[in-house]
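Structure first, then comments.
Here is the naming used below: chain letters follow the sequence lines, and residue numbers restart at 1 for every chain.
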There are 2 protein chains.
Amino acid sequence: MTVSITDVARAAGVSASTVSRALRGRPGVSDEVRAQITAVATQLGYTASRSASSLASGRTFTIGVVVPYVGRWFFGTVLDAAEHVFSAAGYDVLLYNLGSPETRKRFFTRLPLRKRVDAVLSLLIPDEEESAALRSLGVPLASTVGGARPGFSVVGIDDRAGAEHAVRHLVNLGHRRIGMISGSSGEQHWTTPVARRQAYLDVLSDAGIAHDPALEADGDYTVEGGERAMTELLAATRPPTAVFAQSDEMAMGALRALRRHRLRVPDDVSVVGFDDHELSDVLGLTTVAQPVAGQGAEAARLLLRQLDEPDGERAGHVQMPIRLVLRETTAPPSPRGPQ
Amino acid sequence: MTVSITDVARAAGVSASTVSRALRGRPGVSDEVRAQITAVATQLGYTASRSASSLASGRTFTIGVVVPYVGRWFFGTVLDAAEHVFSAAGYDVLLYNLGSPETRKRFFTRLPLRKRVDAVLSLLIPDEEESAALRSLGVPLASTVGGARPGFSVVGIDDRAGAEHAVRHLVNLGHRRIGMISGSSGEQHWTTPVARRQAYLDVLSDAGIAHDPALEADGDYTVEGGERAMTELLAATRPPTAVFAQSDEMAMGALRALRRHRLRVPDDVSVVGFDDHELSDVLGLTTVAQPVAGQGAEAARLLLRQLDEPDGERAGHVQMPIRLVLRETTAPPSPRGPQ
DNA sequence: CGCTGTTGCGCAAGCGTTTGCGTTCAGTTT
DNA sequence: AAACTGAACGCAAACGCTTGCGCAACAGCG
């Protein structure tokens, strides 16, 4: 039925061990024999059984990638880039999409990737317990999206600096009433929203602007959430003349809410986002750009490096650059204020 | 080091075969013994090695999913939904991201998923040769995105009807000069762009409108391509008063081009897209909605069904519903025309 | 010309499961 | 009471690779 290594061995007139060594570039095979074997193998359409070879060798040549939502632009883009790096290095990727709390819980208790992967890339921030579970796999770990944990290589950005850029930009334009649409504060161990908020507070304080809690709203990192949050902010006694959204998706929701309220952007209200979503350019959204695909690729490379040098087990930590991208949703405040 | 089936067997005072049968719910084990074994197994944190069990049984309990670009909204969403169905059924998914022609070629010649998967879901349209390669795997096959091929279950939509809705809507509004931004016509075997274009031609002809080749441009299914295409159309001697873009992403590019040309939408030019991208709502884009996640889930279910009934090998064919979603980018043509 | 190194290859023992078949034994049937 | 059931379980042979070790053959050295 399906051609095995002994078929190749027989056809080439050698032993199975020699075929194995020849095909994987191991030493101990003369050049002529190796050439002959590869010829026979390709002619027979032979591919080594991954199950068998990983059972025998202990290496699986596959990487587990866990993601909260593959469908979301950010994660899809990171995954895309990481997958390219992995597959170029001969690794397959096993994808786990852990959107709902139940799947997530089930995943971490049953740990389906035990003995199935050589490394794990996590695009979600594991809590203390989850990261312990991952560490118990005994393989190199990496995660994007900040949230350093012991045993993990992490690649991320300086959230604080990014948010500072965004808010300072608004301050520099002359805004004094600056709102913020924050990410979900649901997960405590997830530092990004906290860091960005702190930057917001710091910049305001530096500029001598009193912090008004009525100018903060939670947008849950989604378009709809951003729309809701913006609507809330507009309902404040003295609505903001500018808002900083902690993600572009929320900023887009904000734009939508503003349009529904017949407010002009940036004439009435300025908006600045965070991420540089692929469609932010289309919308003309001013935002803090971070290298999303770059982070995925870098994290993948970090893992591969750890796989190559099993002794130098040191988990890396890479900080990627950010920059403020000026587009068309920010401008000085209108002299007559919003409305 | 890591706990194996014999460890469990020893701890439970039974043989490995009994452990295997007990844990997988096979008959031939008394209830008490089974309970005892499961208790011991969970207490020891035992998970069966996938490599070993698939080597022995031939079943891998993993599904291969091949995708052109995980990063793109459409594919990411389909994948997301499919993954949920698979993982709920106890299957893992092995992801192959085949963006570039080289990776794609390498994938199909080396076929890394030979003996690695129980089924394959393809989100790209394989050409004759590629689909033959997939068939040679001897496992159930399914694909979304139309393009029926022998041996494949396919779930898709009525592209023709969808495009007809879109174009007829523009005709009904009173437009006579209707442009089209089409998808890449690069791949011949890929029927979607052809079907949508045919619908466009038919509706025009039904309405007694002469077809003007200058009103067609290729947008390559990307935002940038859509922008370029719209720019081309606007450079025509008599530019269109409305355009039908074969995807929302291209429509968004078109919106961008229009804004750059200081043209108002829908006052000067109407735009209708196709897909109902998650951000189309934000942009107020009128479009033909198709159930994207639904298609992924349905395709996954089709595959699982084939895996369950290996005798009833019949490949299914599912057509999902579409509908025109009216938003804010379409209106009757302005009396004074564009410009 | 014996001796030690290399080099190239085959042998066989795993790797951790699954599964067909054989055995045991309690419970039925004559 | 002997013979006959099944049910419950163990034995051992796969599954298709990898890899440590052994063994030739042959080179280079004194």
Side-chain angles (χ1 to χ4, degrees), chain A residues 1-38 40-41 44-62 90 92 111-118 138, chain B residues 1-38 40-41 44-62 90 92 111-118 138:
Chain A
M1 185 84 275
T2 156
V3 31
S4 84
I5 199 174
T6 53
D7 297 330
V8 178
R10 198 174 313 121
V14 295
S15 76
S17 5
T18 304
V19 174
S20 173
R21 281 189 271 257
L23 261 28
R24 290 177 311 134
R26 285 286 139 90
V29 182
S30 70
D31 290 347
E32 313 98 275
V33 173
R34 190 186 300 271
Q36 217 259 324
I37 290 176
T38 37
V40 171
L44 259 52
Y46 169 72
T47 318
S49 153
R50 267 307 222 289
S51 331
S53 68
S54 63
L55 177 58
S57 69
R59 306 221 23 183
T60 66
F61 277 97
T62 100
D92 288 335
L111 270 194
L113 34 68
R114 169 170 299 170
K115 309 218 70 188
R116 285 211 74 183
V117 296
D118 291 342
Chain B
M1 184 83 276
T2 157
V3 32
S4 84
I5 199 174
T6 53
D7 297 329
V8 178
R10 197 174 314 121
V14 295
S15 76
S17 3
T18 305
V19 174
S20 173
R21 282 187 270 256
L23 262 27
R24 290 177 311 135
R26 285 285 139 89
V29 182
S30 70
D31 290 347
E32 313 99 275
V33 174
R34 190 187 301 270
Q36 217 260 324
I37 289 177
T38 36
V40 171
L44 259 51
Y46 169 72
T47 318
S49 151
R50 270 303 224 292
S51 331
S53 69
S54 63
L55 177 58
S57 70
R59 303 219 27 178
T60 66
F61 277 99
T62 102
D92 289 335
L111 269 195
L113 34 68
R114 167 170 299 170
K115 306 223 73 190
R116 285 212 74 183
V117 295
D118 291 343

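For A/D31 and C/dT7, the CG to C1' distance is 12 Å, given to the nearest whole Å. The nearest whole Å value for the distance from the CD atom in A/E32 to the P atom in C/dT7 is 15 Å. Here the P atom of nucleotide D/dC15 and the CG atom of A/D7 are 11 Å apart, to the nearest Å.
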* To do: Evaluate side chain to side chain contact (heavy atoms under 4.5 Å, CB included) for A/T38 paired with A/L23, printing each intermediate quantity in order.
  => CA-CA 6 Å; A/T38 37; A/L23 261 28; 3.7 Å; yes
* With side chain to side chain contact (heavy atoms under 4.5 Å, CB included) as the test, would you mind laying out the steps for B/D92 and B/R50 before giving the verdict? => CA-CA 11 Å; B/D92 289 335; B/R50 270 303 224 292; 3.3 Å; yes
* Does the pair B/S51 and A/S54 meet the rule for a side-chain hydrogen bond (donor to acceptor under 3.5 Å, both in side chains), with working shown? -> CA-CA 6 Å; B/S51 331; A/S54 63; 3.2 Å; yes
* If a protein heavy atom is under 4.0 Å from the base, mark B; if only from the sugar-phosphate, S; if neither, -; do that for nucleotides 15-24 of chain C going 5' to 3'. => BBBSBB----
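For residues 10-26 of chain B, the pairs satisfying side chain to side chain donor-acceptor pair (under 3.5 Å) are B/S15-B/S17, B/S15-B/T18, B/S20-B/R24, with sequence neighbours left out.
Rounding to the nearest 0.5 angstrom, the gap separating the CG atom in B/L55 from the CG atom in A/L55 is 6.0 Å. Note that CG of A/D31 and CD of A/Q36 are 13.5 Å apart. Values are rounded to the nearest 0.5 Å. Atoms NZ and OG1, from B/K115 and A/T47 in turn, are 10.5 Å apart once rounded to the nearest 0.5 Å.
With respect to B/V19, the side-chain contact (heavy atoms from CB on, under 4.5 Å) criterion is satisfied by exactly one of B/D7, B/V33, B/V14, B/V40: B/V14.
Across its full length, the helix from C/dC1-D/dG30 to C/dT30-D/dA1 shows an angle of 40° between the axes of its 5 terminal pairs at either end, rounded to 10 degrees.
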